[in-house]
Structure formats: C-alpha cells, structure tokens
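Working notes, beginning with the structure itself.
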Amino acid sequence: PRGPQFRKPAVTPKDKMKPLFWNRILAPLDADGPMSIWHTMEEADIDVNKLAKTFADTAKTKKLGGSSGAASAESAPKTISTLSRKRFTAVSVMLASLPDVKPLTAAIISMSDEVLKLEQVQQLRMHAATDEELMAMRAAASAASEGGPSLDAADTTLLALADAVPHLSKRLQVWEFLREFDEAMSDILHPMRLVKEALDALTTSTKLQVFLSAVLAAGNYLNGGNKRRGQADGFGLDILAKLSATKGEGGMSLLLFLTYWCMDQLPDFDQIYNELAGVIDVSHAGLDLQYLQGELRLLSNRLKSAVAGVSAVLAGGSAASTGGFKMYAEPKMVKAQQAMAQAESSFQLTLVAFSDAMTYFGIPAKKQGKMRVADFLRPFAVMLEESKQSYNAEESRRAKDERRRNRLNINAAVLAKGKGKRIAKGADPMGAIANAAKNKRTKGKNGFGPSRNFGTIRKNSGIRLVEP
C-alpha cells in the first residue's frame, strides 16, 4: 500500500526544537473526496531563524543508551519526588502561579492580602505537605546531601515553606476562613432578611386583608347551604392558588372577579404587587430556614476551629514569626465573632416571625413544625401572580375603552358643530346641492365651471363629509 502523500517538503531544523503537539492533516491534491481549506493553503513566509532562536529546545537531558560521557550526566543530575504522580502534578501547577519561595514565605508570615489572592491561599492550604510527606522529604533531602538524587522543585518548595513558617497549615486555615467569612455570612444573612421581610409584609398588608375578606365573603356565599363548607370564619391558604380554577359565566374566574372588585374598592390596589413582591421572590427561590440554619451552624463550627487555630499559632511561634499574623487575625476574628452572634440572634427572630405568621393565618400548631417557608408562601405567590396578570389585563382593557370613548366624543362634537363651508340654509342641505347642480349655479372653490353630476360637485366644491 502507498504511504502518506506529502505536498510539503521535509524540514530539518539546525537545532532541536520544542515540539508542537498537533494532529497532522494530509491533503494531497490527487486524493478523492471533498476539498478543504488545507488543499489550497500555503505556508506563510515566516522568519525561521527567529523562530528557531525563540523555540529551541535548550533543555539538557541525558540520552537513553547514548555515549555522551560523564560531562552530560553531571550537567543533568537526576531528581526525584516523594509525592504521588497526581499530587506532584497538582502541586507543580499551583507553584507555577505563586511567587518564588522567599517572597511567598514573607507573604504568608505577614498575611499579605495584596500579594496572595484568596484562590492562591486556598490552593496553598489544600496542597500543604502532610506530616508524613514532610518526613519523606526530609529523608530524601538528607540522602541528596550525601550524593543521592536531589529533590524536585515541588518537594523542596513545600519543605521550605513548612520549615520557614511555623504552623503553616493552621495559618493558612485561619487566613482562608477570615477572607471567606464576609461572603459566607452574606450568603446566609441576605436570604434570611428576604424571608423576614416577606413574612412581615404578609402580616401587615391591609390590601391583602381586604382581598382575603373578599375571598371569605365570596366563598361563604358560594358555599351557602353546605353544612361542611358554609358559614366559614376563615379558610385554608391552599385555596388561594385555586381561585382561578373556579369559573363562572363567560369564563370569568373567581380570582378575576375578586380582583375587579378590589380595583373598584381601592384606587391604589395595584400597590399590593409591589408590597408583596418579596413573597413571590422567596417562594420561587425555594428558601428554607432549616437549610439556612444548617449553613449557619457550619460557619459557626468553622469559626470555632479558626479561633483554636489562632491560639495554636500564637502559642507555638516567636514574636517575630507571629507578629504579622496577630495584627491581621485578632481584630478580624473579633469582628467575625460579633457578626456570628448577631446572625444567630437574627435567625431566632426570623424563626419567631415564621411561627407568628403561620399562627396568624391559621396554620395548626401540629403542622407548623413540618412547614417550609417556601411552601407556606407558595399559595400567596400563585394568587398574587395570577391576580397581577388579571389586573394588568383589566387596566389595559379599561384604558382602551377610555380611548375609544374619547374618540367617539370628539367625533360627536365635530358632527354637532359642523365642518367645512356652509353652502345652504334649511333642513335639507343635500337638497340645496342637488338644486344648485340642476340650475348650473354651483362652482368649485377653484372657480371651475358647473358640474354635470353629483360626484363632480362634491369633488370640485371642496365639500367633505365627516364620518362618525
């Protein structure tokens, strides 16, 4: 069989080049099949000398089976790593994005947020050498000092950091926590505040009370005479999500009927949708106080661990090695503890608000323990969204009717006043026009002669008929 068909000439660089690991495509012109861009593309005239200088493979490696001599072997001493291949790769990638050992050590000791980003601190904490790894590294380093293979850069860097920074892992743990704390706390407080505001809005909205009273009145009337459903003092909230399913004459739903009634009774009824917008947001987000409680508990445990880490670092290092850490960590830790206390207090207030809201709307005590906030708010959210759609549609219809009435009133006024030049007196002006045509006395406004037919008279005389 034929081998590969090459169109490009073979190239032999003067020096060994760094390879480009691409997937080669051969596109011989005499091959069958569709043409591609590669069939006609020619190579650009680049500066190969500059290319060779820039991308020459300058690494000095020992050739397997070669006879380069002792000098080549001495110029490329063998290195080893005590890390597993996967961990070695991860550590090497991390170190490539970090400063050199000396400035890196100084940044960790001084806790410099300007030098290291949060992501870098997280990576350092994640890939810091374990006690077992440090033991293996020290043994390998000792063997290297006696003529054995040297440690790879990944091992030497981790070992240098551990020796230069006392309690390295605890420092990094505290540093990471303090830099994450504000955002983590905000992720808890923000939804907690939304829940509290939605619950407060429900229990204080006078417009909602009016709407619910209308639902109660309508329901008791519709259920009049029914021994099980009539004469109700209140109703289960789940019916709010089903009001649109009760249809009447012309397809009008009970929700639409009650929305119209509220619009007529309260001129600013549409403000209910702004007042209770948070109810819809919380319901759609599926917020759950039990979940927020769990997140708050996890953050509290991390805070306790960080406090213990601060104590361990300060107790196990010299003043020179812990001075920067102390100045950075202690004031931030105090603020974090204060924020945690306030968050726990706010959460308890939110729990009370939820319990009060459920009681306010008649949720039995035995069901309150299993009720989620989102489930409690969902009937209100469905009712508000459907009512808003009905309200907007009705407002649009009423505005359209108003514009139509205004146009009719304008036309009626024009008809009553008359428009154009008065050409005859009496109760029958059209008869006067006919008589004028018959007597050949009518002229157009431009002075043309008598017209022979009624259409021409209308055209030449400039008379306009006003349509209603």
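In this chain, numbering begins with 1 at the start of the sequence shown.
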Quick one: side chains of residues 91-102, donor-acceptor pairs under 3.5 Å with protein atoms, not counting sequence neighbours, listed by atom name and distance.
residue, atom, partner, partner atom, Å
Ser92, OG, Phe88, O, 2.8
Ser97, OG, Met94, O, 2.8

Could you walk me through whether Thr350 and Leu292 satisfy the side-chain contact (heavy atoms from CB on, under 4.5 Å) test, starting with their C-alpha distance in whole Å, then the side-chain angles of each, then the deciding distance to 0.1 Å, before giving a yes or no?
CA-CA 11 Å; Thr350 305; Leu292 295 178; over 6 Å; no
Kindly determine whether Val121 and Ile108 satisfy side-chain contact (heavy atoms from CB on, under 4.5 Å), including the steps that lead there.
CA-CA 9 Å; Val121 176; Ile108 296 174; over 6 Å; no
Check step by step if side-chain contact (heavy atoms from CB on, under 4.5 Å) holds for Phe211 and Met383.
CA-CA 10 Å; Phe211 185 86; Met383 178 270 293; 3.5 Å; yes
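Looking at every heavy atom in both residues, Ala129 comes nearest to Arg87 through CA-NH2, 3.7 Å. Residues Pro166 and Gly316 come closest through the heavy atom pair CB-O, 4.3 Å. Nearest approach of Ser150 to Ala144, heavy atoms of both residues: CA-CB, 3.9 Å.
Lys367 has its side chain out of reach of Met358: every pair of non-hydrogen atoms, C-beta onward, lies at least 4.5 Å apart. By the 4.5 Å heavy-atom criterion applied to side chains, Leu240 and Val382 are not counted as neighbours. Side chains of Phe257 and Thr246 form no contact here, defined as non-hydrogen atoms less than 4.5 Å apart.
In the model, Ser305 has a side-chain atom that pairs as donor or acceptor with a side-chain atom of Gln173 under 3.5 Å. Inspection of the Thr204 and Glu275 side chains reveals no N or O donor paired with an N or O acceptor under 3.5 Å.
Here the straight-line distance linking atom CD1 of Ile239 with atom CG of Leu216 works out to 12.0 Å at 0.5 Å rounding. A distance of 9.0 Å separates OG1 of Thr203 from CD of Gln209, quoted to the nearest 0.5 Å.
Phe235 has its ring centre no less than 6.0 Å from the ring centre of Phe361.
Geometrically, Lys326 does not engage Tyr328 in a cation-pi contact defined by less than 6.0 Å to the ring centre and at most 45° from the axis.
Using a 4.0 Å cut-off between charged nitrogen and carboxylate oxygen, Arg398 and Asp264 count as a salt-bridge pair.
Ring geometry, Tyr273 versus Phe269: the interplanar angle exceeds 60°, so the pair is classed perpendicular (tilted spans 30 to 60°).
Among Asp270, Thr259, Asn392, the one residue that satisfies the side chain to side chain donor-acceptor pair (under 3.5 Å) test with Ser387 is Thr259.
Asp155 places a side-chain N or O within donor-acceptor distance of the main-chain N or O of Thr82, the cut-off being under 3.5 Å. Between the side chain of Gln120 and the backbone N or O of Lys117, at least one donor-acceptor pair lies under 3.5 Å.
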